[in-house]
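Sequence lines set the chain letters: A, B, ... in the order given, protein chains first and strands last, and positions in each chain run from 1. These figures come from a predicted structure and were not determined experimentally.
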Protein chains: 2
Amino acid sequence: MRDFNKKLRVLLIDDNANHLRGIKELINLESCYEVVGTTTSANLGVNLIKKYHPDIVLLDINMPEKDGLQTIQTINKLNLSTKIIALSGYDDSDLIYRAMKLGAKGYVLKTMASVKLINAIEEVASGKIYLPTVLTTRFFEYFQTTAKEESKTSEGENLLNTLTIRENEVLELLTEGINYKSIAGKLIISETTVKTHVNNIFQKLQVNDRTNAVLYALSHGFKSSKTNVITTV
Amino acid sequence: MRDFNKKLRVLLIDDNANHLRGIKELINLESCYEVVGTTTSANLGVNLIKKYHPDIVLLDINMPEKDGLQTIQTINKLNLSTKIIALSGYDDSDLIYRAMKLGAKGYVLKTMASVKLINAIEEVASGKIYLPTVLTTRFFEYFQTTAKEESKTSEGENLLNTLTIRENEVLELLTEGINYKSIAGKLIISETTVKTHVNNIFQKLQVNDRTNAVLYALSHGFKSSKTNVITTV
DNA sequence: TCTTATCTAAACCTTTTGATTTAGAAAAAG
DNA sequence: CTTTTTCTAAATCAAAAGGTTTAGATAAGA
């Protein structure tokens with residue numbers, strides 16, 4: 001929970017100076033906030049964050065100089081407790097999705113009423129996530145469509161299940177982009193044996209080459225025994 | 001937008017008969033809803049959905065007989081416009097995450113005030129997503145931690161950005177597991193030209209074969225030009 | 001205008017892959 | 001105690017992929 005005795009320290013990053021001034025005034029109207037800095041440059045913003053360790057950063061993610069999404073990453077890599085609220089002019093599903101994925105704690109449209117912004121700051125500061133209902137819906141639309149393939153593949157008959165243990169080991173190395181010779185070396189078997197296994201894999205997965213075998217494996221939840229594969233979006 | 005002249009048809013699935021009765025009464029208090037069926041069995045519930053095509057299904061996802069998450073998938077596979085609201089006793093991040101990923105439009109805790117449930121039905125019926133603030137935060141906690149690994153790959157300089165437009169087109173076809181001849185056919189250029197492009201791609205991505213090129217592309221957020229970004233309104 | 005980047009293409013050659021057949025040994029299943 | 005599965009391996013052959021060099025056409029930029 002948030003300590004109301006201390007002022008919340010807020011940093012503003014927006015390439016539009018006018019907008020910057022507007023937001024600053026708006027926030028300063030509230031006695032419990034303190035704007036510790038404003039800047040039109042993402043790179044400068046990152047430096048200010050390093051220096052001042054603000055509680056909240058309001059970050060315009062539609063900036064020309066540096067990609068806003070990248071900036072989110074850069075800030076999060078600092079490993080501070082600073083929380084990021086993304087500011088954007090667009091309610092683009094993909095943009096919202098990516099911003100949130102990269103660790104933004106809130107997303108506010110510039111067109112939204114100023115009271116929403118204060119609301120967002122308050123919520124995020126107290127450890128919650130702030131997403132207006134419209135954007136939540138947008139987010140989930142995108143989330144569910146991109147996640148759909150994963151669920152589709154996890155059910156039904158998966159040809160991967162027909163593979164033997166050895167074939168699985170071979171396929172795992174195939175998915176790492178390793179050639180016959182190296183696979184033979186790693187499994188300590190002859191290259192021709194590897195070829196035999198690979199051919200059997202092809203038949204079972206109903207493909208004709210390694211690329212398609214790898215693609216099948218990755219898109220059908222093939223789990224390598226050591227590393228956890230991140231199934232893409 | 002929802003048509004207020006028609007009653008919203010709701011189906012209830014909960015293995016606890018008492019709870020089922022309670023919810024039914026609660027919903028029937030509201031004149032704009034109609035409970036078209038109640039059942040304690042997930043499998044039976046799916047059949048009822050096939051028969052009655054309800055607008056909303058309130059689905060308890062903590063059932064012994066059949067896994068609630070599986071039931072969500074089964075229902076969605078019917079491809080009806082039926083919207084699912086997950087009911088659960090637990091505010092478990094992973095559970096919420098998976099339920100939403102599988103296509104639930106809302107998630108309500110059984111411990112929540114009954115007015116929240118009505119609220120959820122109303123929101124979901126009108127095409128929105130309903131997640132109480134507490135659960136939204138839980139969801140994003142989980143979402144952001146599981147997505148973290150992915151973001152790692154998209155940071156730093158991405159060699160994919162060095163590719164020309166044509167090289168991107170070729171890479172896109174490579175990631176579909178297509179061979180030189182077919183790529184040449186699709187782009188209406190000669191096979192040797194394709195080879196030239198592919199070689200340039202290899203150099204730029206610092207790999208030696210197509211499999212590794214594809215793996216690089218997939219793990220570094222290569223976006224095929226076909227991928228549809230949902231841009232609404 | 002000169003230069004650079006991009007797209008196109010061929011020739012030549014080497015390496016890798018993939019397809020097919022055959023077959024022995026060991027282990028598991030019946 | 002057979003039969004089947006799995007893992008091993010070799011021999012061939014054909015096809016695809018990859019490496020390298022050279023080069024013309026065009027468009028974009030300095």
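One can place CD1 of B/Ile188 at 16 Å from C1' of C/dA9, the figure rounded to the nearest angstrom. The distance between atom CD1 of A/Ile183 and atom C1' of D/dA9, rounded to the nearest whole Å, is 16 Å. Going from atom CG of B/Leu163 over to atom P of C/dC7 covers 10 Å, rounded to whole Å. In this structure, A/Asn200 places its CG atom 9 Å from P of D/dC7, rounding to the nearest Å. For B/Leu173 and D/dA17, the CG to C1' distance is 16 Å, given to the nearest whole Å. A/Asp209 has its CG atom 13 Å from the C1' atom of C/dT16, to the nearest Å. Between the CD atom of B/Glu191 and the C1' atom of C/dA10 there is a distance of 12 Å, given to the nearest Å. We find that CD1 of B/Ile201 is positioned 13 Å from C1' of D/dG18, with the value rounded to whole Å.
In this structure, the nucleotide among D/dT20, D/dA10, D/dC7 sitting nearest to the side chain of A/Thr192 is D/dA10. Side-chain proximity of A/Ile165 to C/dT16, D/dT8, D/dC7: nearest is D/dC7. Comparing atom distances between the B/Phe202 side chain and each of D/dT8, D/dG18, D/dT6 picks out D/dG18 as nearest. Side-chain proximity of A/Lys181 to the nucleotides D/dT8, C/dT8, C/dT16 is greatest for C/dT16. Relative to the side chain of A/Lys195, the nucleotides D/dA9, D/dG18, C/dG18 differ in distance, and C/dG18 lies closest. Checking C/dT17, C/dA9, D/dT8 against the side-chain heavy atoms of B/Ile189 singles out C/dA9 as nearest. Checking D/dG18, C/dA10, D/dA10 against the side-chain heavy atoms of B/Val198 singles out D/dG18 as nearest.
Of the side-chain N and O atoms in A/Asn199, one or more sit less than 4.0 angstrom from OP1 or OP2 of C/dA19. Close to D/dT8, at under 4.0 Å from its OP1 or OP2, lies no side-chain N or O of A/Thr193. At the phosphate of D/dA17, OP1 or OP2 sits under 4.0 Å from a side-chain N or O atom of B/Arg210. At D/dG18, one or more side-chain N or O atoms of B/Tyr180 fall inside 4.0 Å of OP1 or OP2 (strictly under the cut-off). Between A/His197 and D/dC7 there is no side-chain polar atom (N or O) within less than 4.0 angstrom of OP1 or OP2. OP1 or OP2 of C/dA5 has not a single side-chain nitrogen or oxygen of B/Thr164 nearer than 4.0 Å. Residue A/Ser190 has a polar side-chain atom (N or O) positioned under 4.0 Å from OP1 or OP2 of D/dA10.
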Subject >> Steps toward side chain to side chain contact (heavy atoms under 4.5 Å, CB included) verdict (A/Tyr180, A/Thr192) >> reply: CA-CA 8 Å; A/Tyr180 286 145; A/Thr192 54; over 6 Å; no
Original post:
After noting the C-alpha distance and the side-chain angles of A/Ser190 and A/Thr193, does the key distance pass the side chain to side chain donor-acceptor pair (under 3.5 Å) rule?
Top reply: CA-CA 5 Å; A/Ser190 85; A/Thr193 303; 3.0 Å; yes
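Among A/Lys24, A/Arg21, A/Lys110, the one residue that satisfies the salt bridge (Lys or Arg N to Asp or Glu O under 4.0 Å) test with A/Asp14 is A/Lys110.
There is no side-chain donor-acceptor pair under 3.5 Å between A/Asn199 and A/Thr196. For the 3.5 Å distance criterion, the side chains of B/Asn62 and B/Tyr90 fail to qualify, holding no donor opposite an acceptor. Counted by atom type alone, A/Tyr130 and A/Asn119 present zero donor-acceptor pairs between their side chains at under 3.5 Å.
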